[in-house]
Structure formats: structure tokens, C-alpha cells
Amino acid sequence: MTKTDDNVLAAVSARDVAAKRLWLVAVISVVVLLADQVFKIWVKTSFYLGEDLPLTGWWHLKFIENNGMAFGLELWNKLVLTMGRIAAVVLFVWFVTKVKSLATLRTGFFVAMALIIAGAAGNIFDCVFYGKLFNNPMPPEVAVAFPETGGYAGWFEGKVVDMLYFPLFSFYWPEWMPFVGGDYFEFFQFIFNIADSSICIGVFLLIFFYSTDASKAFQYVGEKRAVKKEAESKSKLK
């Protein structure tokens, strides 16, 4: 076998690896996105707003909606937040396509990226479409899809559906405690959804298990951009 043959086989193998990685990211993203949306639509059309269904002493399904970020936080303008999410998903997808052929990256890195992409896309879907798809009746009525009177908001103005609630334990701070004495404390008080969980798991994996892969990926993209800029500069000088 000649050196040319070896190079051809290596190129084919690299393309196969890249294709498998893209398929992995696509499959994980679609599965998580579907699970998130099916669960949200079921809760949205089965629970009235604020309804709390205890499954165990520490796990509830509690239907709430929010305009903001993960875990019900509300920090920025609704439209700005939605557009920021869309830009983030586009950026992550672009990044994955750029590093798909980098041999030194492990599979877990692409799994983490897929979880982040899927989670962000899941909440984007709520923001973009739910305002048009559902009404928002007063409790104890539950929402219906495609209501005759129209949705409760315009495009990009929908609310994110949250339902996963884990009040693991609670107590009252002793009266003698400064600042918080007598206050009620509950852990974990945030209510979230599958998309939020997907983002958090993906970020956790990147930080604690695949930070070196992320560094390699960023370096690889940076070097490719530098080479491209250098080539463009040379072509302009000719």
C-alpha cells in the first residue's frame, strides 16, 4: 500500500468519525427535545396553573410558567432572552460542525454539547410557539391547544413551562440567627423542566470531565480561523 493510499484511507476514516459524531449529536438533541416537549405539552394541557401533584415526599409535579431563564429566574427582556437563546444554539451547532473531525476529542464532549443544544432549543420552542399554540385560562381550568379565541401571546412571547419540583427538606431558621432568623428555608425550591436539566448536565460534563476537550476544540477553531485570515490577507496582496 502506497503513502497515497494511506492518506486516502485516513481521510475516509476521518469523514466516517465526523459523520458518526454529527449523527450522535443530532439523535441526542432530537430525543431530549421530543421528551421535553411531550412532557411540557402534557403538563400544560393536564394541569391548571399552580397545580401541585406530590409523587413522593421529595418529588412533585408542580405546573408553573416563567418568562425568564432556567429555574424560573427572570433577568432580562423577554425578546432579548429568546433571541440570545437562538443565537447560542446556532453558535453551538456551528462550533460542533467545526470540530467534528478533530481526532483528539472524546465522544463524551459531543454528548455534552448535544445536551446543551437540546436544552436551549427546548426552551426556545416554548418562547417562540406556546403563546400562539395555547390559551392561558384562570385556574382551575386547564389550557387547550389551538383555542378558537387564539393564543395568549404573540410569536416569541410565550412562557416556558416548568414542572419538576424537588423539595428535599425544609426548616425554619432559629430566631437567634442574624438576617434569616425565623425565616422558612426549603431545599430545593427551584422548579424546572427537562430542557433546564439537559443544559445543566451538559455544562456539568464539560466543566468536570471534558474541560480539556473544550480547550482543544477552542484552540483548533482559533487556529483554523487564523490560517483562514492569513490566507485571505495573502490573496488580497496578490
Side-chain angles (χ1 to χ4, degrees), residues 25-90 92-93 114-168 170 186 188-202:
V25 171
V27 169
I28 292 174
S29 298
V30 170
V31 169
V32 173
L33 182 58
L34 284 177
D36 176 65
Q37 287 302 310
V38 168
F39 199 26
K40 284 176 177 175
I41 292 172
W42 174 70
V43 168
K44 177 75 174 171
T45 57
S46 302
F47 288 61
Y48 60 80
L49 188 63
E51 184 173 358
D52 187 352
L53 175 63
L55 301 179
T56 68
W58 49 269
W59 178 20
H60 295 211
L61 293 180
K62 185 172 183 178
F63 172 36
I64 67 167
E65 294 179 309
N66 71 82
N67 291 314
M69 301 180 68
F71 303 108
L73 300 176
E74 298 190 14
L75 302 178
W76 297 307
N77 175 273
K78 176 69 177 182
L79 183 59
V80 172
L81 182 62
T82 302
M83 297 308 294
R85 282 185 177 135
I86 294 173
V89 169
V90 172
F92 271 95
V93 171
L115 290 173
I116 295 172
I117 291 170
N123 286 333
I124 286 171
F125 196 95
D126 297 28
C127 296
V128 175
F129 299 107
Y130 277 24
K132 283 290 186 180
L133 292 180
F134 300 101
N135 63 349
N136 214 11
M138 293 293 292
E141 294 184 35
V142 300
V144 296
F146 307 106
E148 293 181 0
T149 56
Y152 65 85
W155 300 109
F156 294 90
E157 295 179 347
K159 295 182 178 180
V160 176
V161 173
D162 291 328
M163 78 297 289
L164 299 176
Y165 176 40
F166 294 89
L168 299 179
S170 61
E186 180 180 85
F188 180 74
Q189 64 179 321
F190 295 107
I191 303 173
F192 54 101
N193 55 47
I194 292 176
D196 297 333
S197 303
S198 182
I199 294 171
C200 291
I201 293 171

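- The minimum heavy-atom distance linking P147 with G151 is given by the pair CG-N, 4.1 Å.
- Here the closest non-hydrogen pair linking G119 and S198 is N-OG, 3.9 Å.
- A 4.5 Å side-chain heavy-atom check between F192 and F166 finds at least one atom pair inside the cut-off.
- Considering only residues two or more places apart in sequence or on other chains, K40 meets the salt bridge (Lys or Arg N to Asp or Glu O under 4.0 Å) condition with D36, D126.
- Going from atom CH2 of W59 over to atom CG of L53 covers 10.0 Å, rounded to the nearest 0.5 Å.
- Considering H60, Q189, K62 in turn, H60 is the only one that fulfils the side chain to side chain contact (heavy atoms under 4.5 Å, CB included) rule with P167.
- Rounding to the nearest 0.5 Å gives a distance of 10.5 Å between SG of C127 and CD of E157.
- Rounded to the nearest 0.5 Å, atoms CG (L33) and CG (N123) are 10.0 Å apart.
- Closest approach of A35 to I194, counting heavy atoms only: O-CD1, 3.7 Å.
- Listed here is the closest heavy atom pair of V89 and A121: CG2-N, 3.9 Å.
- At distances below 3.5 Å, not a single donor-acceptor pair connects side-chain atoms of E141 with backbone N or O atoms of Y48.
- Not one N or O on the side chain of N135 forms a donor-acceptor pair closer than 3.5 Å with the backbone of P137.
- Between F63 and K44, the closest heavy-atom pair is CZ-CD, 3.8 Å.
- In this structure, the side chain of Y130 does not engage the main chain of V161 through any donor-acceptor pair within 3.5 Å.
- Two residues are said to be in side-chain contact when any heavy atoms from C-beta on lie closer than 4.5 Å; L164 and L61 meet this criterion.
- Note that CD1 of I64 and CD1 of I191 are 4.0 Å apart. Values are rounded to the nearest 0.5 Å.
- The distance from atom OH of Y165 to atom CG of L55, rounded to the nearest 0.5 Å, is 13.0 Å.
- Contact check for T45 versus F134: side-chain heavy atoms found under the 4.5 Å cut-off.
- Atoms CZ and CZ, from R85 and F125 in turn, are 14.0 Å apart once rounded to the nearest 0.5 Å.
- Side-chain contact between N193 and Q37 is absent, with no heavy atoms from C-beta onward closer than 4.5 Å.
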